[in-house]
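Note sheet for the following structure.
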Amino acid sequence: MKVFISADIEGVAGVVHREHTARDGREHDRARMLMTEEVNACIEGALSWGATEVVVNDSHGTMRNLIPEAIHPEAEYITGSPKILAMMEGINPEFDAAIFLGYHSRMGNDGILNHTFHGGVIQNIRINHRDMGEIALNAGIAGVFGVPVVLVTGCQHAAGEALEFIPNVETAIVKHTINRQSAKNLSPQKARCLIKEKTIASLSRLPTFQPVSLQGPFEVEITYLHPGLADAAGILPIVERVNQTTHRFETDEFITAFRYIRSLIAIAGALN
Ligand SMILES: [Zn+2]
């Protein structure tokens with residue numbers, strides 16, 4: 001059995017602030033260790049259920065957060081950025097299960113540190129008239145490769161968002177959001193125990209999961225935080241301007257849609 005883990009940081013127990021998540025944050029190194037140890041708990045769970053291969057993709061910011069010396073020795077990890085599939089780089093049809101660790105809800109939803117890919121650019125992403133955050137988009141990518149998402153860890157709102165989009169998914173709630181920058185957390189030890197337990201629980205019912213299957217063509221609408229961002233991203237010729245802050249485009253392939261979304265975010269962020 002092969003298990004793919006996409007590891008973000010905002011949904012890790014104890015992480016509530018930019019000082020935890022940003023490269024220059026005073027608490028960033030501590031948050032990286034908390035993230036790495038939650039990943040290790042997940043790896044231990046997968047190995048104890050018989051996984052023969054575990055690959056972890058570092059999925060936050062610079063994608064250089066996992067602490068190499070501290071990662072479980074039996075897992076391989078993908079580090080660095082940019083990567084074409086970003087948070088899902090490394091996924092392929094040989095994996096039996098995907099796990100989203102330390103995830104968060106989409107921009108504007110309730111949930112600790114909610115955002116969608118870039119908190120300074122994106123207000124909302126809709127595909128075929130459905131709001132899509134990172135959980136939904138990344139589950140869609142896993143689905144293209146025929147891999148089911150079996151477990152999502154994070155706050156209660158990330159868990160709720162996951163269940164809306166992946167009805168059968170296992171969740172591990174390691175903290176309860178109070179507001180966007182505060183939460184009631186499990187202790188690191190309890191959070192790790194829960195993640196290990198839930199990893200085993202999800203893999204033990206692997207045959208009950210289906211990959212998310214999204215049918216094209218895809219109509220994508222991207223709403224930015226302000227019109228200047230739409231002005232900047234508008235240089236990409238695929239988009240049509242719907243209103244001051246929204247672009248739309250169409251494509252038949254989900255991965256192509258995702259790559260355009262990432263391109264628009266990068267251009268908007270760079271030129272504004
Ligand atoms: Zn992140």
Side-chain angles (χ1 to χ4, degrees), residues 1-8 11 39 42-43 45-47 49-60 63 66 74-104 106 116-117 125-128 130 132-154 158 161-171 198-199 202-220 249-263 265:
M1 180 197 291
K2 290 181 66 169
V3 176
F4 178 86
I5 302 170
S6 171
D8 204 349
V39 166
C42 187
I43 295 165
L47 293 172
W49 190 254
T52 50
E53 194 175 330
V54 181
V55 176
V56 186
N57 180 37
D58 194 322
S59 299
H60 173 73
M63 302 190 171
L66 294 168
E74 296 307 315
E76 290 183 296
Y77 68 102
I78 298 170
T79 187
S81 175
K83 300 179 282 205
I84 287 177
L85 292 183
M87 301 175 79
M88 294 303 288
E89 188 70 30
I91 191 86
N92 68 51
E94 289 176 13
F95 285 99
D96 299 285
I99 292 172
F100 295 168
L101 184 136
Y103 266 47
H104 53 82
R106 68 175 180 269
T116 302
F117 293 123
I125 297 172
R126 286 167 75 76
I127 298 187
N128 292 346
R130 193 163 186 197
M132 305 274 276
E134 295 176 23
I135 293 168
L137 285 156
N138 290 333
I141 292 173
V144 170
F145 293 91
V147 181
V149 178
V150 301
L151 171 65
V152 177
T153 85
E161 195 175 304
L163 281 163
E164 271 173 35
F165 198 79
I166 317 163
N168 194 27
V169 75
E170 195 79 47
T171 61
K198 292 286 191 170
T199 300
S202 66
L203 294 176
S204 70
R205 61 181 183 91
L206 189 55
T208 69
F209 294 99
Q210 294 291 324
V212 167
S213 172
L214 300 173
Q215 299 305 317
F218 299 104
E219 183 192 24
V220 181
F249 66 89
E250 281 181 28
T251 179
D252 289 335
E253 301 297 329
F254 190 77
I255 299 289
T256 304
F258 175 74
R259 292 177 68 173
Y260 276 123
I261 290 167
R262 294 269 304 153
S263 304
I265 293 169

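The structure displayed is predicted, hence computed values, not measured ones.
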Contacts of type side chain to side chain donor-acceptor pair (under 3.5 Å), residue [X], not counting sequence neighbours:
X: Glu219; result: His129, Arg248
X: Ser6; result: Ser59, Tyr103
X: Ser263; result: none

Minimum heavy-atom separation for [X] to [Y], with atom names?
X: Asp96; Y: Met1; answer: OD2-CA, 3.2 Å
X: Pro217; Y: Asp252; answer: CB-OD1, 3.3 Å
X: Leu151; Y: Val169; answer: N-CG2, 3.7 Å
X: Val149; Y: Ala142; answer: CG2-CB, 4.2 Å
X: Ala97; Y: Val147; answer: C-CG1, 3.7 Å
X: Ala75; Y: Ile43; answer: CB-CD1, 3.5 Å

Does Glu89 pair with Lys83 as a salt bridge, N-O distance under 4.0 Å?
no
Between [X] and [Y], is any pair of side-chain heavy atoms under 4.5 Å apart?
X: Leu47; Y: Glu74; result: yes
X: Thr251; Y: Phe258; result: no
X: Ile166; Y: Phe209; result: no
X: Leu101; Y: Val152; result: no
X: Val3; Y: Glu53; result: no
X: Thr171; Y: Thr153; result: no
X: Met88; Y: Phe4; result: yes
X: Arg259; Y: Ile84; result: yes

Could you go through the side chain to side chain contact (heavy atoms under 4.5 Å, CB included) check for Arg130 and Phe165 one step at a time?
CA-CA 10 Å; Arg130 193 163 186 197; Phe165 198 79; 3.6 Å; yes
Are the side chain of [X] and the backbone of [Y] linked by a donor-acceptor contact shorter than 3.5 Å?
X: Glu161; Y: Arg106; answer: yes
X: Asn57; Y: Met87; answer: yes
X: Glu76; Y: Val56; answer: no

Taking atom types as modelled, is there a side-chain donor on Thr208 or Arg205 under 3.5 Å from an acceptor on the other?
yes
Kindly say whether the aromatic ring centers of Phe249 and Tyr260 come within a distance under 6.0 Å.
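Yes; Tyr260 has its ring centre under 6.0 Å from that of Phe249.
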Go through Leu137 and Phe117 one step at a time and tell me if the side chain to side chain contact (heavy atoms under 4.5 Å, CB included) criterion holds.
CA-CA 10 Å; Leu137 285 156; Phe117 293 123; 3.4 Å; yes
Atom CZ of residue position Arg126 - does it have more than 12 heavy atoms of other residues, nucleotides or ligands inside 6.0 Å?
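Yes.
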One pair to check against ring-ring contact (aromatic ring centres under 6.0 Å, His included): Phe218 and Phe254. What are the steps and the verdict?
CA-CA 7 Å; Phe218 299 104; Phe254 190 77; 5.4 Å; yes
